[in-house]
2 protein chains.
Amino acid sequence: MNIEPDLCRVEDALEIIVGKWKPIILLHLLKNGTMRFSEIKRSVPEITQKMLTKHLRELEEEDIIERVVYPQVPPKVEYSITEYGKSLEPILAAMHEWGTKHTVHKKQKLVNQTKTI
Amino acid sequence: MNIEPDLCRVEDALEIIVGKWKPIILLHLLKNGTMRFSEIKRSVPEITQKMLTKHLRELEEEDIIERVVYPQVPPKVEYSITEYGKSLEPILAAMHEWGTKHTVHKKQKLVNQTKTI
DNA sequence: CTCCTTAGTATCTTTTAGTATACTATAGAA
DNA sequence: TTCTATAGTATACTAAAAGATACTAAGGAG
């Protein structure tokens, strides 16, 4: 396939996927379907609440995930991947696969460099 | 396919693709195979020389592109996509395709919103 | 009455990414 | 002698992303 650079829509996909925590959030939601805010937080403990909220809102804005608020105290909010959001999975899978190979490639490069020293 | 979030290597692929100008640079090199610095610059006029240099160096560092310097004046430097770099094409193609659909999706959303007002 | 829980906000600081602009070397052309 | 071309570098700046930390609402448990 040959993408005409001037008609490139790669950025549109990147905008949605890029963000320090977005891929992991998406993978968790793809795996589990539906999760509470606190569940996601526990799955990704290093993320701050601010960042988690921000990224979830952005994904919701693009119809990748759905947000359902249960009006109760303490609050309960459930996030789930939409059908549309699921269409991102092949891209994530392709990137994951490539990333795995790339990790090996980099290790191999390091070995070769060490050999020549 | 089900990616185990904890073993996720999506980031490794993203690190290489992400950067304001990297996708376009890559698409141009994928299309043309080999290009001089100034040719790339002309193909992406809005990019500054600093950014072009920076991104090219980063892509070279990851073996995605190759840099060949011809020792002559004025200088001539050719950049070409490596075989390894070509392995990124399916990912870029998938993102481009998704991005195209997403543009339509967003337009449709806007139409629906306007209808209900 | 105080504490706990959940899903957030608000504010501030730090880090990273990107922009703007000026400068350089050097051979050959005019 | 001055100008042009090429592929950069250097410096200073702005903007965007992310992090740290403190705060909030409100019902139920003790």
Side-chain angles (χ1 to χ4, degrees), chain A residues 8 10-29 32-62 64-81, chain B residues 8 10-29 32-62 64-81:
Chain A
C8 166
V10 171
E11 306 286 0
D12 300 76
L14 279 177
E15 250 177 58
I16 283 157
I17 294 167
V18 170
K20 185 158 174 193
W21 308 99
K22 277 186 192 168
I24 316 154
I25 293 171
L26 283 172
L27 291 181
H28 278 289
L29 285 172
N32 300 320
T34 298
M35 291 175 88
R36 289 185 65 169
F37 184 89
S38 54
E39 281 184 279
I40 307 176
K41 180 77 182 64
R42 265 190 296 277
S43 306
V44 191
E46 328 81 61
I47 198 173
T48 61
Q49 262 162 293
K50 184 196 164 183
M51 274 298 110
L52 181 51
T53 304
K54 195 191 170 214
H55 284 174
L56 287 170
R57 290 290 151 80
E58 286 169 6
L59 291 169
E60 188 197 358
E61 181 61 27
E62 300 291 349
I64 307 300
I65 64 173
E66 202 193 354
R67 178 171 179 264
V68 178
V69 181
Y70 295 85
Q72 59 185 55
V73 171
K76 177 179 174 182
V77 180
E78 277 184 351
Y79 292 91
S80 44
I81 195 96
Chain B
C8 164
V10 170
E11 306 286 0
D12 300 77
L14 279 177
E15 250 176 58
I16 283 158
I17 294 166
V18 170
K20 185 161 175 190
W21 309 99
K22 278 187 193 169
I24 316 152
I25 294 171
L26 283 173
L27 291 180
H28 278 289
L29 285 172
N32 301 319
T34 299
M35 291 175 91
R36 287 186 66 169
F37 184 89
S38 55
E39 281 185 279
I40 306 175
K41 179 77 181 65
R42 266 190 296 277
S43 305
V44 190
E46 326 83 62
I47 197 172
T48 61
Q49 262 162 293
K50 186 193 163 183
M51 274 297 111
L52 182 51
T53 305
K54 195 191 169 213
H55 283 175
L56 287 171
R57 291 290 150 80
E58 286 169 5
L59 292 170
E60 189 197 357
E61 181 62 27
E62 301 291 348
I64 306 301
I65 64 174
E66 201 192 353
R67 179 171 180 264
V68 177
V69 182
Y70 295 84
Q72 60 185 53
V73 171
K76 177 180 175 183
V77 179
E78 276 184 354
Y79 292 91
S80 43
I81 195 95

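We name chains A, B, ... by the order of the sequence lines, and we start the count at 1 in each one. Owing to the predicted nature of the structure, the values given are computational and were not obtained by experimental measurement.
For the pair Tyr70(B) OH and dG8(D) P, the computed distance is 13 Å after rounding to whole Å. Distance Ile25(B) CD1 to dA7(D) P: 14 Å, rounded to the nearest Å. As a whole-Å value, the separation of Ile65(B) CD1 from dA7(D) C1' is 14 Å.
Of the candidate nucleotides dA18(D), dG8(C), dT9(D), dT9(D) has the atom lying nearest to any side-chain atom of Arg57(B). Closest to the side chain of Met51(B), out of dA27(C), dT19(C), dA10(C), is dT19(C). Of the candidate nucleotides dG8(C), dT6(C), dG19(D), dT6(C) has the atom nearest to the side chain of Arg36(A).
The residue among Pro75(B) and Val18(B) whose nearest nucleotide of DNA chain C is located toward the 5' end is Val18(B). Where Gln49(B) and Thr48(A) each meet DNA chain D at their nearest nucleotide, the meeting point lying more 5' is that of Gln49(B).
The minimum heavy-atom distance linking Val44(A) with Ile47(A) is given by the pair O-CG2, 3.0 Å.
Counting non-hydrogen atoms under 4.0 angstrom, Lys76(B) reaches the backbone sugars and phosphates but no base.
The base of dT19(C) is paired with the side chain of Lys50(B) by a donor and an acceptor separated by under 3.5 Å.
Phosphate contact (OP1/OP2 of dG19(D), side-chain N/O of Lys20(A), threshold under 4.0 Å): present. Residue His55(B) places none of its side-chain N or O atoms closer than 4.0 Å to OP1 or OP2 of dA17(C).
Remark on the helix from dC1(C)-dG30(D) to dA30(C)-dT1(D): inter-end axis angle 30°, axes from five-pair C1' superpositions, rounded to 10°.
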